> 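Let me begin by handing over the structure; questions about it come next.
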Amino acid sequence: MLDIQFIRDYPQLVQDKSAQKGYKVRVDELLELDGQRRTRLTQIDELRARRNAQAAELKQAQPSDEQIANGKQLKEELATLDVDLAMIDDKYTSLLKQIPNMPHDDVPVGASEDDNVVIRQVGVKTEFDFPVKTHWELAEAKDLIDKDRATKVAGPRFAYIKGGLVELQFAIMQFVQRTLADETVLQKLIDENELNIPAKPFVPVLPPAMIKTSIYEAMDRLEPRDDRYKVGEEVDDLWLQGSAEHTLGSMYADEILLESALPIRYVGYLTSFRREAGTYGKDTEGIIRMHQFDKLEMEVFSTPETGLDEHKLLCALQEYLVQQLELPYQILQKCTFDIGKPNARGVDLETWMPGQNKYRETHTADYMTDYQSRRLKTRFRRQPHSAQAIVDVTASKPVVGLVHTNDATAFALGRIMVAIMENYQTADGNIRIPTVLQPYMADKTEI
RNA sequence: GGAGGGGUCGCAUAGUGGCCUAGUGCGCCAUCUUGGAAAGGUGGUAAGGGGGUAACUCCUUCGAGGGUUCAAAUCCCUCUCCCUCCGCCA
């Protein structure tokens with residue numbers, strides 16, 4: 001959710017930037033309702049002040065009939081205004097929620113995902129002196145993926161992942177956890193990118209896989225609803241999460257964190273669920289697009305001042321991780337249309353997939369500024385800076401602000417294994433193991 | 001699933017219709033005393049919203065939502081979370 005004060009100050013800007021993201025919003029109507037709402041609020045406050053004063057007057061002696069009648073009238077007036085306000089408030093809130101986050105200044109304006117900009121390509125597209133196989137051909141030959149039986153048991157877009165691929169996944173998970181806890185690596189990336197943030201390690205988390213409707217809505221990741229799985233329709237108010245971001249980013253809802261605790265960096269591991277509504281016929285072969293996939297997700301809570309640097313660190317980490325696996329990739333800065341409603345900025349990393357002869361999205365990094373935290377009420381208390389306090393009395397007063405949230409893929413395990421299979425295939429149909437992963441696989445060199 | 005007990009200002013607690021403008025202790029901040037500290041004294045100590053250049057001021061919030069009442073932390077209803085016991089269970 002956007003700050004109403006910001007919308008009051010820059011209505012045209014909000015209208016224009018929303019349009020750039022493909023959102024038709026009614027800023028005029030919202031501001032009209034905002035005015036009405038504030039008028040009612042003032043009236044209600046006045047009535048309540050009178051009610052409070054009257055109650056204070058009556059509390060000593062037995063109230064007279066006249067006083068009670070007077071009180072009753074106040075009560076009725078209040079009730080009418082309350083109903084009025086509730087109606088205005090409903091419309092106001094729903095309009096306010098529709099307004100997307102403002103794109104950051106460097107986000108290219110675009111009308112479709114075709115307007116995303118390739119920032120750079122890194123690595124040389126893998127070449128082979130034999131006919132290239134797709135990952136599903138490789139997997140079938142080695143019995144690494146069984147989709148037919150999964151379809152029988154659970155339906156299409158499910159799979160049994162087996163044998164060497166499972167070992168590979170566990171190896172990747174350990175590798176990521178080790179890397180994200182390595183302050184030397186973090187410091188190196190921070191220095192290279194000239195970021196002004198500490199090399200604080202990521203803490204691994206196993207978050208809940210289900211989420212309440214209210215929290216999902218506050219994260220602004222529930223829509224479109226038909227891409228999410230609802231659980232226990234009548235009995236429970238729960239959804240299966242579609243990304244660890246959904247339950248990681250919401251964990252400090254309604255809390256005030258200490259500035260000294262920030263940044264908080266987590267790497268969550270979770271099996272994620274998506275209905276993939278509207279993708280019928282897309283990526284039906286292989287395991288690129290599944291209803292269920294395992295994912296390692298980075299999530300960072302920070303101050304507003306460091307939010308963008310944290311975003312850049314996450315992007316740098318994504319590249320670092322893919323580089324360690326020695327996979328060719330390209331970086332895409334997403335345009336205004338494609339970054340998503342709560343995003344101020346979004347960057348995709350696409351890994352080269354020789355079997356499909358194209359780059360495919362394996363990573364995405366989202367910077368939400370305070371858009372999510374405003375509705376979640378995830379705040380932090382600024383510590384008084386004593387040096388300033390001497391000069392400026394107000395600076396010594398602790399101030400509460402909204403945290404900035406960042407989220408980024410460490411690895412979508414299914415997709416990165418597809419990339420490894422296709423890039424590391426050998427002439428005899430084996431799959432070599434990237435060097436950095438071998439220590440986590442009992443020094444196995446291929447599967 | 002069954003029975004009972006709870007949710008109050010960072011923490012711990014008091015509070016059964018108007019003396020609650022939520023008391024007390026701890027913690028924290030400031031300050032006094034001190035050579036410096038401890039101890040002690042004094043003052044302060046939440047969030048959100050409205051108005052005001054400001055000093056300030058008004059409103060809301062005692063798990064959440066409804067209700068009763070001139071008046072609700074307090075009474076009633078619904079929900080929710082936590083604790084104890086029983087049952088079931090990886």
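Treat the numbers as computed from the prediction; the structure is a model and nothing was measured. Proteins get letters first, then strands, A, B, ... in listed order; numbering begins at 1 in each.
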> Without decimals, in angstroms, what is the distance between A/R38 CZ and B/rG50 P?
6 Å

> For B/rC70 and B/rC29, measure between their P atoms and round to the nearest Å.
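Looking at atom P only, B/rC70 and B/rC29 are 49 Å apart.
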
> Taking atom P of B/rA47 as reference, at what distance in whole Å does atom CG of A/L257 sit?
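That distance rounds to 14 Å.
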
> If pairing requires Watson-Crick or G-U wobble contacts with both distances under 3.5 Å, which nucleotide is the partner of B/rU69?
none

> Salt bridge between A/E310 and A/K312, side-chain N to carboxylate O under 4.0 Å?
no

> Determine which nucleotide pairs with B/rU84, using a 3.5 Å limit on both distances of a Watson-Crick or G-U wobble pair.
B/rA3

> What is the ring orientation for A/Y216 with A/W239, classed by angle as parallel under 30°, tilted 30 to 60°, or perpendicular over 60°?
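Rings of A/Y216 and A/W239: perpendicular, as their planes differ by over 60°.
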
> Between B/rU57 and B/rG44, how many Å separate the two P atoms, rounded to a whole number?
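Rounded to whole Å, the distance is 14 Å.
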
> So which nucleotide from B/rA71, B/rC58, B/rA46 ends up closest to the side chain of A/D45?
B/rC58

> Taking pairing as Watson-Crick or G-U wobble with both contacts under 3.5 Å, can you name the mate of B/rA12, or confirm there isn't one?
B/rU24

> How many whole angstroms separate atom CG of A/L78 from atom P of B/rC59?
12 Å

> Answer yes or no: does a side-chain N or O of A/R48 lie under 4.0 Å from OP1 or OP2 of B/rU61?
no

> Report the nucleotide, chosen from B/rC59, B/rG50, B/rC70, that has the shortest atom-to-atom distance to any side-chain atom of A/N52.
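From the listed options, B/rC59 comes nearest.
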
> Among the candidates B/rC58, B/rG49, B/rA47, find the nucleotide nearest to the side-chain atoms of A/A49.
B/rC58

> Please report, rounded to the nearest Å, how far the P atom of B/rG63 is from the CG atom of A/D254.
15 Å

> Let me know, please, whether A/G401 or A/A53 comes out on the 5' side of the other along RNA chain B by nearest nucleotide.
A/G401

> Once you apply the 3.5 Å cut-off to both distances, tell me the Watson-Crick or G-U wobble partner of B/rU60, or none.
B/rA47

> Counting only Watson-Crick or G-U wobble pairs whose two distances fall under 3.5 Å, which nucleotide matches B/rA55?
none

> Take the protein atom CZ of A/R381 and the nucleotide atom C1' of B/rG48, then report the distance between them rounded to whole Å.
13 Å

> If I take atom CD in residue A/E76 and atom P in nucleotide B/rA71, what distance separates them, rounded to the nearest angstrom?
11 Å

> Write down the distance separating the P atoms in B/rG63 and B/rU69, rounded off to the nearest Å.
23 Å

> Can you tell which of A/I172, A/V166, A/L168 makes a side chain to side chain contact (heavy atoms under 4.5 Å, CB included) with A/F170?
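When A/I172, A/V166, A/L168 are each tested with A/F170, the side chain to side chain contact (heavy atoms under 4.5 Å, CB included) holds only for A/V166.
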
> Please report the distance, rounded to the nearest Å, between NZ in A/K377 and C1' in B/rG49.
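To the nearest whole Å, that distance equals 12 Å.
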
> Applying the Watson-Crick and G-U wobble criteria at under 3.5 Å, what pairs with B/rU33? Answer none if nothing qualifies.
none

> How far, in whole Å, is B/rG1 from B/rU24 if one measures between their P atoms?
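B/rU24 and B/rG1 have their P atoms separated by 44 Å.
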
> Might you confirm whether atom CD of A/Q73 has over 12 heavy atoms from other residues, nucleotides or ligands at distances under 6.0 Å?
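Not more than 12 within 6.0 Å, no.
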
> Check whether any side-chain nitrogen or oxygen of A/K75 sits under 4.0 Å from OP1 or OP2 of B/rA71, and answer yes or no.
yes

> Between A/E167 and A/K444, does any NZ, NE, NH1 or NH2 come within less than 4.0 Å of an OD or OE carboxylate oxygen?
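Counted as a salt bridge, because a side-chain N and a carboxylate O are separated by less than 4.0 Å.
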
> May I ask you to evaluate whether A/R37 reaches the phosphate of B/rG50, defined as a side-chain N or O under 4.0 Å from OP1 or OP2?
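Negative; the distance criterion is not met.
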
> Give the rounded distance in Å between these two atoms: CZ of A/R50 and P of B/rU60.
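It works out to 14 Å between those atoms.
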
> Would you indicate which nucleotide in B/rA46, B/rG48, B/rC70 comes nearest to any side-chain atom of A/R379?
B/rG48

> Can you tell whether the side chains of A/D45 and A/R50 come within less than 4.0 Å, N to carboxylate O?
no

> Taking only the side-chain heavy atoms of A/T42 (C-beta and beyond), determine which of B/rA71, B/rA47, B/rG50 contains the nearest atom.
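Taking heavy atoms from C-beta onward, the closest nucleotide is B/rG50.
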
